[in-house]
2 protein chains.
Amino acid sequence: MNASRLRADAAENRARIVEAARSVVSASGELKLNAVARRAGVGQGTLYRHFPTREDLLAEVYRHDVEELVAAAPLLLAEHDPVTALARWFDRVADYARVKREVFAAVEVGVWQDLSTGSVGPIGDAITALLDAGRAAGVVRPDVDARDVILLLGCLTRLDDAEWDTRARHLLHVVLDGLRLREG
Amino acid sequence: MNASRLRADAAENRARIVEAARSVVSASGELKLNAVARRAGVGQGTLYRHFPTREDLLAEVYRHDVEELVAAAPLLLAEHDPVTALARWFDRVADYARVKREVFAAVEVGVWQDLSTGSVGPIGDAITALLDAGRAAGVVRPDVDARDVILLLGCLTRLDDAEWDTRARHLLHVVLDGLRLREG
DNA sequence: TGGACAACCGGACACCTGTCCGCTAAAGTC
DNA sequence: GACTTTAGCGGACAGGTGTCCGGTTGTCCA
């Protein structure tokens, strides 16, 4: 649908840019926009037209990972009680994030990509499902939404590698506790 | 002590840079490093030698605010129970952050500025005091430290202005709940 | 007071980001 | 197949960041 509205050369360029970005990221761990453009054999303008911000490009590069994350939510809910499902899902986010920190940018942009429509994006939907289940079971506080959770998870991005192992899970536990309904 | 180990001209340059930064920030709301250097009448190299990163400069510019925040902690503890004190202190952080988002950068760098020495910086000390009081009273979970709190507070920086009013306090409540010890 | 040394200065430079605009060549029409 | 329209191309350019190094100038000691 989207592709068919693109001119043939534009579609090809877009694909080449994404591929170039992927290889630049996996080679250097960094993402330099002009390096991507050079490698893809396109001009800077072309790159920026297809992906206005660095995050848009990242979102495309990591779309596969994001989709996996999204798909995991209902599976976890089917197997576990809501709080455990949420905890496991957080663990999964942490796993992705340790290896490729950039996934977070993709997640964040993925969540808000159609902010205007009122929808909250695929990741937002996954989180909403987890929260809803918890609310229905009376174990998650009713006044949080997906955006809140995304924001809270965002604190992981500030961790540096050295402290990741000691702190990441721990922070997620604290966040999880904050999301749970306090009985009493 | 620090000043006396600096050469006279170096000290004066440093002061001029900070003053220039202050006026640039208050004039434009932004902080362009080369504009600061120009205004201070020093070269780029000089600026970067004194303040290796933008955050270092920000920390100096906002040191006054940071000190106020630090001073508030013991006062709040004297007047309120630990959890309330923590809540009020969070409110205070939010107040600063709304007006000048940059304060956060200052806070973060202020916390870690002498990471090597094992100390956690002035803000870190303030937070530690709040947490310790809560722990002693058995109302704050024992396994969190100042760094965790800073990280969690950091999520506020991702808020954009439009959603600040509806979300900031709310997020802080969730974080606070996560920090509290769950009875039962 | 003067000389030596190191700390310090300043701006040139290399790099990255993001924008703008004249030109090219696809896509649709007859 | 020629012609028009216009989406899309690409690279020049402006602006910002951070580094490097030859020259300068405080500071200390004799």
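Proteins get letters first, then strands, A, B, ... in listed order; numbering begins at 1 in each. These numbers come from a predicted model, not from an experiment.
- Between the CZ atom in Arg141(A) and the NE2 atom in His173(B) there is a gap of 8.5 Å [rounded to 0.5 Å].
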Exercise. Passes side chain to side chain donor-acceptor pair (under 3.5 Å), Thr128(A) versus Asp125(A)? Steps please.
Worked result: CA-CA 5 Å; Thr128(A) 300; Asp125(A) 291 339; 5.1 Å; no
For this session: Could you encode protein contacts along nucleotides 8-14 of chain D as a string, one character per nucleotide from 5' to 3', using B for base contact, S for sugar-phosphate-only contact and - for no contact, with a heavy-atom cut-off of under 4.0 Å?
Result: SBBBB--
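- Going from atom CG of Asn34(B) over to atom P of dG10(C) covers 15 Å, rounded to whole Å.
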For this session: Might you work through the side chain to side chain donor-acceptor pair (under 3.5 Å) test for Arg158(A) and Thr157(B), ending with a clear yes or no?
Result: CA-CA 11 Å; Arg158(A) 313 222 168 199; Thr157(B) 58; 2.5 Å; yes
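- Here the C1' atom of nucleotide dG10(C) and the CG atom of Leu33(B) are 16 Å apart, to the nearest Å.
- Within the structure, every side-chain polar atom (N or O) of Tyr48(B) is placed at least 4.0 Å from both OP1 and OP2 of dT19(D).
- Around the CZ atom of Arg22(A), the shell of radius 6.0 Å holds more than 12 heavy atoms that belong to other residues, nucleotides or ligands.
- If you take NZ of Lys32(A) and C1' of dG18(C), they are 17 Å apart, rounded to a whole angstrom.
- Rounded to an integer number of Å, the gap from CZ of Arg38(B) to P of dA12(C) is 13 Å.
- Rounded to an integer number of Å, the gap from Glu30(A) CD to dT17(C) C1' is 14 Å.
- Atom CG in Leu57(B) sits roughly 11 Å away from atom P in dT17(D) (whole-Å rounding).
- Taking atom CZ of Phe51(B) as the reference point, atom C1' of dT17(D) lies 17 Å away to the nearest angstrom.
- A salt bridge between Arg92(B) and Asp95(B) is absent, with no side-chain N of the basic residue lying under 4.0 Å from a carboxylate O of the acidic one.
- With rounding to whole Å, Glu12(B) atom CD is found 14 Å from dT25(D) atom P.
- Atom-to-atom distance recorded for Asp91(B):CG and Thr84(B):OG1 is 10.5 Å, nearest 0.5 angstrom.
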